[in-house]
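Scroll down for the structure; my scribbles are underneath it.
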Amino acid sequence: METILVLTHADETGTALTKASLEAVTAGLELAARISAPLTIGIVAADAKNLTNGLPSKVLAVSGEAFAQPRYATDAAACEALCRAAAATIVLAPGSSRFARVAAGIAHRLNGLIDTHITAIGGTDTIEATRWFYRQRVEAVLTRDARPWFLLLDAGTHAPFAGATNTNAVEEIKVELPALRTTVSGIRAPKQDEQTIRPDAKMLFVTGAGWTKKQPDGQTHVPEAAGLILGFLRLTGASLGSSKSLVDQGGEGNSVLPFLTHMNQVGQTGATPRHPKGLSTCCHGEEPHVVGWRFIAERRAISLDPNCGWTRGKADVVYVADAFPVIAKVNELLAAKKA
Ligand SMILES: Cc1cc2nc3c(=O)[nH]c(=O)nc-3n(C[C@H](O)[C@H](O)[C@H](O)COP(=O)(O)OP(=O)(O)OC[C@H]3O[C@@H](n4cnc5c(N)ncnc54)[C@H](O)[C@@H]3O)c2cc1C
């Protein structure tokens with residue numbers, strides 16, 4: 001008989017569980033129902049009392065100021081204590097930077113095994129965890145006999161749990177903290193409007209090298225391109241992706257869009273984000289780029305080239321058009337709608 005534990009943590013405000021944590025709760029609930037196993041939810045937070053948000057099962061928590069912020073020593077101690085208290089054989093956790101950092105260490109402390117980047121959990125007699133290999137080209141289904149088995153879930157693969165607003169009782173688990181060598185003095189992050197990578201956005205907006213190429217008038221129009229792209233992002237809240245060619249141009253000393261870095265790159269050697277919709281602009285749609293679109297549900301592209309890779313079955317809709325006036329018009333319509 002399996003015993004399932006879902007590990008969760010609070011967001012930076014400390015007043016709610018992260019979306020990825022709530023996705024792990026959904027995965028835990030589905031698995032518990034399917035294999036008829038007991039489910040416990042474990043919370044790591046400064047104060048867990050108001051975080052239970054109608055969580056449907058037994059809730060254990062490790063709380064206190066030491067657990068307000070991510071830190072290996074405290075997070076590992078907290079998660080280890082929760083796993084031991086729940087006597088868990090299967091541990092699900094969000095693949096957040098906070099838990100990705102400690103999960104392998106906790107699995108080792110408990111003499112268990114871990115698999116990461118899990119996208120689905122299936123099976124009834126045995127537990128089957130699905131993940132992708134080789135840059136999302138090969139999908140594998142894993143089973144293991146070793147217990148406890150830790151499964152780190154990729155974000156965006158499950159619906160976040162939305163419970164009733166009742167508050168469940170929380171059982172506090174005491175933790176003996178080791179000597180702490182790390183002091184968290186704060187978080188330094190770019191301002192929200194400078195942050196163009198938005199994993200929770202409904203849409204991925206991808207820019208290709210075409211934005212910086214000579215246009216029909218024989219000139220480049222990079223500042224205009226920057227204005228159109230940033231305007232679109234501001235009006236839609238979309239996440240910004242890029243082709244490799246465009247982000248590489250910075251290293252070649254060419255005129256580039258200053259807000260793009262290699263972190264924005266989508267593709268074989270870049271990221272494989274998950275969004276319900278994607279719009280590619282001024283981009284050729286070559287295979288090494290398009291493989292990064294694997295998990296974009298509805299794909300559209302704007303390119304001047306009627307023979308571009310997107311038209312060869314890679315996009316649902318291709319607009320053979322000049323992206324400059326198209327995006328200018330879309331921004332105008334969106335701004336009018338917002339006004
Ligand atoms: C091993 C390997 C790994 C790679 N990994 C990646 C990766 O991870 N990610 C990635 O992106 N690439 C990757 N590449 C490169 C990839 O193959 C393509 O070369 C690259 O993605 C093409 O970028 P692009 O479409 O921005 O530029 P281009 O190929 O230069 O295409 C620009 C496009 O813009 C269009 N255009 C120009 N002006 C306008 C306008 N006004 N309106 C509309 N359209 C316009 C043109 O018609 C053209 O289609 C990899 C390549 C290799 C060999």
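Note that ligands are numbered from 1 as they come in the structure, with each ligand's atoms numbered from 1 the same way. We're numbering straight along the sequence, starting at 1.
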Problem - Over all atoms of both residues, closest heavy-atom pair of Arg109 and Arg84 - result: O-NH2, 3.6 Å

Problem - Heavy atom of protein closer than 4.0 angstrom to atom 37 (C) of ligand 1 - result: yes

Problem - Over 12 non-hydrogen atoms of neighbours within 6.0 angstrom of CG in Asp217 - result: yes

Handout entry: Gln268 and ligand 1 - part of the residue with a heavy-atom distance under 4.0 Å
Key = both

Problem - For ligand 1, the portion of Val266 having any non-hydrogen atom under 4.0 Å away - result: backbone

Handout entry: Side chain, backbone, both or neither: the part of Glu287 lying under 4.0 Å from ligand 1 by heavy atom
Key = neither

Handout entry: Best match, Ala321, Pro216, Ala225, Pro288: closest heavy atom to atom 50 (C) of ligand 1
Key = Pro288

Practice task
Answer yes or no: does atom OH of Tyr134 have more than 12 heavy-atom neighbours from other residues, nucleotides or ligands under 6.0 Å?
Solution key: no

Problem - Passing option when Leu82 is tested against Val175, Val62, Val91 for side-chain contact (heavy atoms from CB on, under 4.5 Å) - result: Val62

Exercise for the section: Give the numbers and elements of all ligand 1 atoms closer than 4.0 Å to a heavy atom of Gly270. Expected result: 8 (O)

Practice task
Please determine if Arg34 and Glu30 form a salt bridge, counting it only when a charged side-chain N lies under 4.0 Å from a carboxylate O.
Solution key: no

Exercise for the section: Identify the protein heavy atom lying closest to atom 22 (C) of ligand 1, giving its residue, its atom name and the separation to 0.1 Å. Expected result: Ser245 OG, 3.3 Å

Practice task
Could you tell me whether Ala209 and ligand 1 have an N or O pair separated by under 3.5 Å?
Solution key: yes

Problem - Residue Ser243 vicinity, atoms of ligand 1 by number, heavy atom under 4.0 Å - result: 11 (O), 21 (O), 23 (O), 24 (P), 26 (O)

Practice task
Identify whether the distance between the nearest side-chain nitrogen and carboxylate oxygen of Asp11 and Lys19 falls below 4.0 Å.
Solution key: no

Completion exercise
ligand 1 to Gly267, heavy atom cutoff 4.0 Å, flagged ligand atoms 7 (C), 8 (O), 9 (N)

Problem - Which residue and heavy atom of the protein sit nearest atom 49 (O) of ligand 1, plus the separation - result: Ser303 OG, 3.5 Å

Practice task
Please confirm whether Asp322 comes under 4.0 Å of ligand 1, counting heavy atoms of the residue only.
Solution key: yes

Handout entry: Test item: side-chain donor near acceptor, Ser243 and Ser245, under 3.5 Å
Key = no

Problem - Ser63 side chain to Glu172 side chain, donor-acceptor N/O pair below 3.5 angstrom - result: yes

Exercise for the section: Identify the protein heavy atom lying closest to atom 28 (P) of ligand 1, giving its residue, its atom name and the separation to 0.1 Å. Expected result: Lys213 NZ, 3.8 Å

Completion exercise
Rounding to 0.5 Å, atoms CZ (Arg300) and CE (Met203) come to a distance of 9.5 Å

Practice task
Taking the six-membered ring of Phe99 (Phe, Tyr or Trp), confirm whether the NZ or CZ of Arg101 is under 6.0 Å from its centre and within 45° of its axis.
Solution key: no

Handout entry: Location of contacts on His289 toward ligand 1, heavy atoms closer than 4.0 Å
Key = both

Practice task
Before signing off on this row, confirm whether Leu304 and ligand 1 have an N or O atom pair separated by under 3.5 Å.
Solution key: yes

Practice task
For ligand 1, find out whether one of its N or O atoms is nearer than 3.5 Å to an N or O atom of Cys282.
Solution key: yes

Exercise for the section: May I ask you to decide whether Arg98 forms a salt bridge with Asp75, counting only side-chain N to carboxylate O separations under 4.0 Å? Expected result: yes

Practice task
Can you pull out the closest protein heavy atom to atom 41 (N) of ligand 1? Residue, atom name and distance to 0.1 Å, please.
Solution key: Gln215 OE1, 2.6 Å

Handout entry: Heavy-atom gap Gly292 to ligand 1 smaller than 4.0 Å
Key = no

Exercise for the section: Answer yes or no: is there a donor N or O on one side and an acceptor on the other, between the side chain of Glu128 and the main chain of Ile121, under 3.5 Å? Expected result: no

Handout entry: Shortest reach to atom 47 (O) of ligand 1 by a heavy atom, considering only Asp305, Val320, Thr220
Key = Asp305

Problem - Closest approach of any protein heavy atom to atom 5 (N) of ligand 1, naming residue and atom - result: Thr269 OG1, 2.8 Å

Problem - ligand 1 N/O within reach of Gly208 N/O, cut-off under 3.5 Å - result: no

Exercise for the section: Report yes if some N/O of Ser242 lies less than 3.5 Å from some N/O of ligand 1; otherwise report no. Expected result: no

Practice task
Kindly determine whether Arg147 and Glu2 satisfy salt bridge (charged side-chain N to carboxylate O under 4.0 Å, His left out), including the steps that lead there.
Solution key: CA-CA 9 Å; Arg147 297 290 184 270; Glu2 304 284 7; 2.8 Å; yes

Practice task
Taking the side chain as every heavy atom from C-beta outward, state whether Trp310 and Tyr319 have any pair of such atoms under 4.5 Å apart.
Solution key: no

Exercise for the section: May I ask you to list the atoms of ligand 1 that are less than 4.0 angstrom from any heavy atom of Phe324? Expected result: 41 (N)

